[in-house]
Amino acid sequence: MPHDDPHHPHSLLPSDPALRVKALETVLTRKGLIDPAALDAIIDTYETKIGPRNGAHVVAKAWTDPAFLQALRDDATQAVADLGYYGRQGEHLVVVENTPKRHNMVVCTLCSCYPWPLLGIPPGWYKSDAYRARAVREPRAVLADFGVTLPEQTAVRVWDSTAEVRYLVLPMRPEGTDGMDAEALAALVSRDSMIGTGLVEALR
Amino acid sequence: MSRVHDMGGRFGDGPVVPEPEGEVFHAEWHKRALAVTLASGSLGQWNIDISRHARESLAPMDYTAFTYYEKWMAGLAELLVARGVLTEADLAGGTDADPHPLADRKLTAEAVPEVLARGGPADRDSDTAPVFKPGDRVVTRRLAQNTLVAGGHTRLPRYAAGARGEILRYHGTHVLPDSNAHDLGEAPEPLYAVVFPASELWAQPEHPNDEVVLDLWQSYLAPA
């Protein structure tokens, strides 16, 4: 384990971050401990295969399929696994539903916990000190940074991800979307609306 | 006092800056940092709680100055040496090319999809029975500190220490980070979502009906 002494092995690496990563990758590769092709496969997964469109699919299905909504309420982990969304940083999922009376918002104040299989790698702001520090104390001021203002009668419930449980916000379906199918609805669902820093708006 | 990473409720951080959805990585080296970290984790020499502890144990000056993936790289370098995977001479560039005893554990490109899809669930059977149920009133430990190891890892943020809340949901029995981060075993115990009125946590809550929910282990809680 790391100890609280002033000596830090990481200070042996180059100070430039890009060179620091390169140095670690090089020594690990030379030792036969990592395969650069595996790194490429990991990067490709999170750049092209896993991202917030997965979550948007879940949200749109919940809006259009009452049986699926009930399955999400009963066991969200199983319900989304049945759609093919399970894996690293998504082993225990809970879906929290926005209503006119309650708006949900997710943060990890201790690090950057986030539902990867549904939303991909978290955005920079989610991992920032500002979001981690402020979301629990002044969620409405943080929402204002995103241009979102909630009605006075709406209470905010902030979920601080302190364990391995990952939360997905189910935003409210906007009015005027009755005729839309799940695919068209999914296109309206933003990543931020599934973290709770955005709302879903109907296209005008 | 807690460590520098425990920043929930801190003042003075400025605005949150939104960014477009398609922007996954901001630099090429961020991708490599993520991938090197995940691939190194596959060597099986530490668990997620140990790796979180490694990052939060960075010197406060480093933790504050480093960008996100710099923290990951620094934490990884510390772990690789602390767990005996690499030596400081290796990090300094003086490495030899002898076969490494862990080389047969190397994550291959073919195995990546299966490994990412499998994940690492934290629920475990436990001998510790749940003593709370939804609706019960509880109070958290007054000190947001590991009770097993001085300066050790815990997942009770300082802002919620000594606070009164209500059990909202039972999550089953999960690995206890305070133990698992220090090679003391998984020590699974009941885990709950606990809801706190914002007025219990902050002197000037933004709205009287706002709430904060945290996932907390049974040993963090007492009846209130």
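Below, read A as the first sequence line, B as the second, and so on, with proteins coming before strands; counting in each chain starts at 1.
A cation-pi arrangement is not found for A:Arg88 relative to A:Tyr114, the charged atom failing to lie both closer than 6.0 Å to the ring centre and inside a 45° cone about the ring normal. Both tests hold for A:Arg137 against B:Phe11: distance to the six-membered ring centre under 6.0 Å, angle to the ring axis within 45°.
Using a 4.5 Å cut-off between heavy atoms, B:Val175 makes no contact with chain A at all. Looking at B:Ala33, both its backbone and its side chain come within 4.5 Å of chain A, counting heavy atoms on both sides. B:Leu43 touches chain A through its side chain: at least one heavy atom from C-beta onward sits under 4.5 Å away, while N, CA, C and O do not. Using a 4.5 Å cut-off between heavy atoms, B:Leu34 contacts chain A through its side chain alone, with no backbone atom that close. If you measure heavy-atom distances from B:Val81 to chain A, the contacts under 4.5 Å come from the side chain alone. With a 4.5 angstrom heavy-atom cutoff, B:Tyr63 touches chain A only via side-chain atoms. The contact between B:His174 and chain A is made entirely by side chain atoms (from C-beta outward), counting heavy-atom distances below 4.5 Å. Looking at B:Leu168, only its side chain comes within 4.5 Å of chain A, counting heavy atoms on both sides. Looking at B:Asp62, only its side chain comes within 4.5 Å of chain A, counting heavy atoms on both sides. Heavy atoms closer than 4.5 Å to chain A are found nowhere in B:Pro205, neither backbone nor side chain. Of the two parts of B:Ala27, neither the backbone nor the side chain holds a non-hydrogen atom closer than 4.5 Å to a non-hydrogen atom of chain A. For chain A, no part of B:Trp46 is nearby; none of its heavy atoms comes within less than 4.5 Å. The part of B:Val112 that comes within reach of chain A is its side chain, from C-beta onward, which places non-hydrogen atoms under 4.5 angstrom from that chain. Of the atoms belonging to B:Leu91, heavy atoms from both backbone and side chain fall under 4.5 Å from chain A.
No donor-acceptor contact under 3.5 angstrom links the side chains of B:Thr154 and B:Asn146, judged on distance only. With 3.5 Å as the limit, one finds a donor-acceptor pair spanning the side chains of B:His26 and B:Glu19.
Of all the listed residues (A:Val165, A:Thr197, A:Thr26), the one sharing the greatest number of non-hydrogen pairs under 4.5 Å with chain B is A:Val165. Note: B:Glu206 leads B:Glu206, B:Lys106, B:Arg105, B:His207 in heavy-atom pairs under 4.5 Å with chain A. Chain B forms more heavy-atom pairs under 4.5 Å with one residue of A:Leu28, A:Val142, A:Leu119, A:Thr154 than with any other, namely A:Leu28. Counting heavy-atom pairs under 4.5 Å between each of A:Ser112, A:Pro117, A:Ser161 and chain B puts A:Ser112 at the top.
Exactly one residue among B:Lys71, B:Arg3, B:His153 makes a side-chain hydrogen bond (donor to acceptor under 3.5 Å, both in side chains) with B:Glu56. That residue is B:His153.
Listed in order of number, the residues of residues 166-173 of chain A that approach chain B to under 4.5 Å between heavy atoms are A:Arg166, A:Tyr167.
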For this session: With salt bridge (Lys or Arg N to Asp or Glu O under 4.0 Å) as the test, would you mind laying out the steps for B:Asp90 and A:Lys31 before giving the verdict?
Result: CA-CA 9 Å; B:Asp90 293 329; A:Lys31 291 274 186 186; 3.5 Å; yes
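In this pair, A:Trp125 and A:Tyr131 present their aromatic rings perpendicular. The plane angle is above 60°, beyond the 30 to 60° band.
Contact of the A:Met194 side chain with the A:Leu118 side chain is not registered, since no non-hydrogen atoms from C-beta on lie closer than 4.5 Å.
Of the possible donor and acceptor atoms, one in the side chain of A:Asn98 sits under 3.5 Å from a partner among the backbone N and O of A:Asn104.
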